[in-house]
Amino acid sequence: MSTREQALALDAQDPLAPLREQFSLPEGVLYLDGNSLGVLPRATPARVQQVVQDEWGTGLIRSWNSAGWITLPQRVGNKIARLVGAGADELVVADSTSVNLFKVLSAALSITVADAPQRKTIVSERSNFPTDLYIAEALCRERGFELVLSEPDELPTLLNGRTAVLMLTHVNYRTGRMHDMAALTAAAHAAGALTVWDLAHSAGAVPVDLHAANADFAIGCGYKYLNGGPGAPAFVWAHPRHASRFWQPLAGWMGHAAPFEFTPGYRPAEGISRYLCGTPALLSLAALECGVDTVLAAEPHGGMAALRAKSLALTRLFAAKVQADCPALRLVSPTSDVQRGSQVCFAHDEMAYAVVQALIGRGVIGDFRAPDVLRFGFTPLYLRHVDAWDAAEHLRQVLHTGEWREPRFQQRHAVT
Ligand SMILES: *Cc1c(COP(=O)(O)O)cnc(C)c1O
């Protein structure tokens, strides 16, 4: 296990260290929750102000053309594409992750059953993020499919001639465990099924190569590692082999081939743009672009590969120190680098919630995930090795002093 001096020495040689300057980090806070809400980029307030004052205030309706508002979903989409191994014009920003999941899952079901009506199941992971499972359940009910859930290791054995779609979140939100996207996609294809990948905890956090994995559909979140701000719009990708052959179930005018012809009868746009539905939330979209730019700023410093190397160093350091100092906590994230996303989680039956609250009381912000998980996200863009070390040290102190037992740390809030 490293010492604090060793952590500082790693920071002194870190080629990504200057990227931290892009962020407005509050004094006295160690932020380990960028996997839930990314930090505010310094560029965002001025950009949002410009959109409000100049583009909206002065440009008014003209800004849809003159400020390029109408093509912003594609423009920001093309930037995100570079982070996830998607090609140009294959990815757009639209709606929320939940809504995009509904759209791609519906499209994937339609494509598979057109060729093979006997396929009646969606396979997923039991511990997938609840909204993903709720959306899948609702679609299953509506369209006469069945949702089959399993433990991660058993997934390949559940793929068979009845499977229409394998729907997975690449990095699990509770454990940080990362699936082998290429291997599972190959297994799904071998069984005749399509794949839908949720990249909520992957985009901007771990290298993703949708083309190399031969994935079919993907969606992801704008407000986590992409630093787009609370409720930032999400993104959606379809492999070009599918992009013009599926029906978009939320057939809105922004996904129409020619929205300003105002013709009756829906004609979907060519390619991924059909995944737009209604008018985009421009202010949020402008903020998202600033957030995505903070990740792209790593490109001259080694890009996602360099971010990944640092993220692994941070999670390794934190996990090792906590395991050494806090034997009462059970590590639930994989110890193997290839299986671990950009977070470290521990479990404890009784004190998980109160320990997280006590840490927040010290300015060390992680989160609690019911029923028993303490979750710590590591964003290599703005976290230093010494931050990982200090956060682990705070955790050690909270446990060893019994500070977490204080009544004020037991009180439950609406958002955990
Ligand atoms: C964060 C997250 C979401 C969020 O969905 P919203 O529609 O933005 O609320 C969905 N799926 C997963 C796996 C997530 O981690």
Side-chain angles (χ1 to χ4, degrees), residues 32-39 73 76 80 83-84 92-106 108 122-139 147 149 152 155 165-179 181 184 195-206 208 210 215 217-237 249-250 275-278 280-281 284-285 287-288 291-292 332-333 340-345 366-370 373 375-379 414-416:
L32 306 185
D33 218 356
N35 54 334
S36 213
L37 176 62
V39 164
V76 181
I80 296 172
L83 299 171
V84 295
V92 285
V93 172
D95 304 314
S96 66
T97 308
S98 305
V99 172
N100 286 336
L101 178 61
F102 178 84
K103 296 186 293 194
V104 295
L105 200 50
S106 173
I122 298 172
V123 172
S124 193
E125 190 182 340
R126 187 164 291 116
S127 69
N128 200 343
F129 191 79
T131 202
D132 296 51
L133 298 180
Y134 301 157
I135 294 279
E137 271 171 26
L139 254 175
L147 181 60
L149 299 178
L155 284 164
V165 174
L166 173 64
M167 175 194 86
L168 290 173
T169 299
H170 181 222
V171 175
N172 185 282
Y173 80 107
R174 287 182 92 243
T175 63
R177 175 172 169 162
M178 181 162 65
H179 287 296
M181 186 186 288
L184 282 165
T195 55
V196 168
W197 289 97
D198 187 333
L199 305 180
H201 291 275
S202 309
V206 298
V208 175
L210 289 167
F217 293 92
I219 54 167
C221 184
Y223 52 78
K224 293 171 180 162
Y225 292 95
L226 297 180
N227 307 312
F235 65 88
V236 53
W237 172 83
L250 301 179
Y275 265 139
L276 300 178
C277 178
S284 296
L285 192 47
L288 174 61
V292 173
V332 292
S333 301
R340 190 172 68 250
S342 205
Q343 69 187 54
V344 178
C345 302
D367 59 28
F368 165 77
R369 284 294 173 263
V373 168
R375 187 173 73 154
F376 303 98
F378 287 84
T379 306
V415 175
T416 62

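Small disclaimer: the values here were computed from a predicted structure and weren't measured. Whatever order the structure lists them in is the order used to number ligands and atoms, beginning at 1. By convention here, the first residue in the shown sequence is residue 1.
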Nearest heavy-atom pair of Leu199 and Ala218: which atoms, and what distance? CD1-CB, 4.0 Å
Is the side chain of Gln343 donor-acceptor paired with the backbone N or O of Tyr173 at a distance under 3.5 Å, no angle test? yes
I need the contact residues for ligand 1: any residue with a non-hydrogen atom closer than 4.0 Å to the ligand, ordered by chain then number. Ser96, Thr97, Ser98, Phe129, Thr131, Asp132, Thr169, Asp198, Ala200, His201, Tyr223, Lys224
Expected output: side-chain Ser124 to main-chain Met167 donor-acceptor under 3.5 Å: yes
Between Ser127 and Asn172, do the side chains contain an N or O donor and an N or O acceptor separated by less than 3.5 Å? yes
Any donor-acceptor pair under 3.5 Å linking the side chain of Arg126 with the backbone of Leu149? yes
Shortest non-hydrogen contact between Ser36 and Arg369, atoms and distance: OG-NH2, 3.5 Å
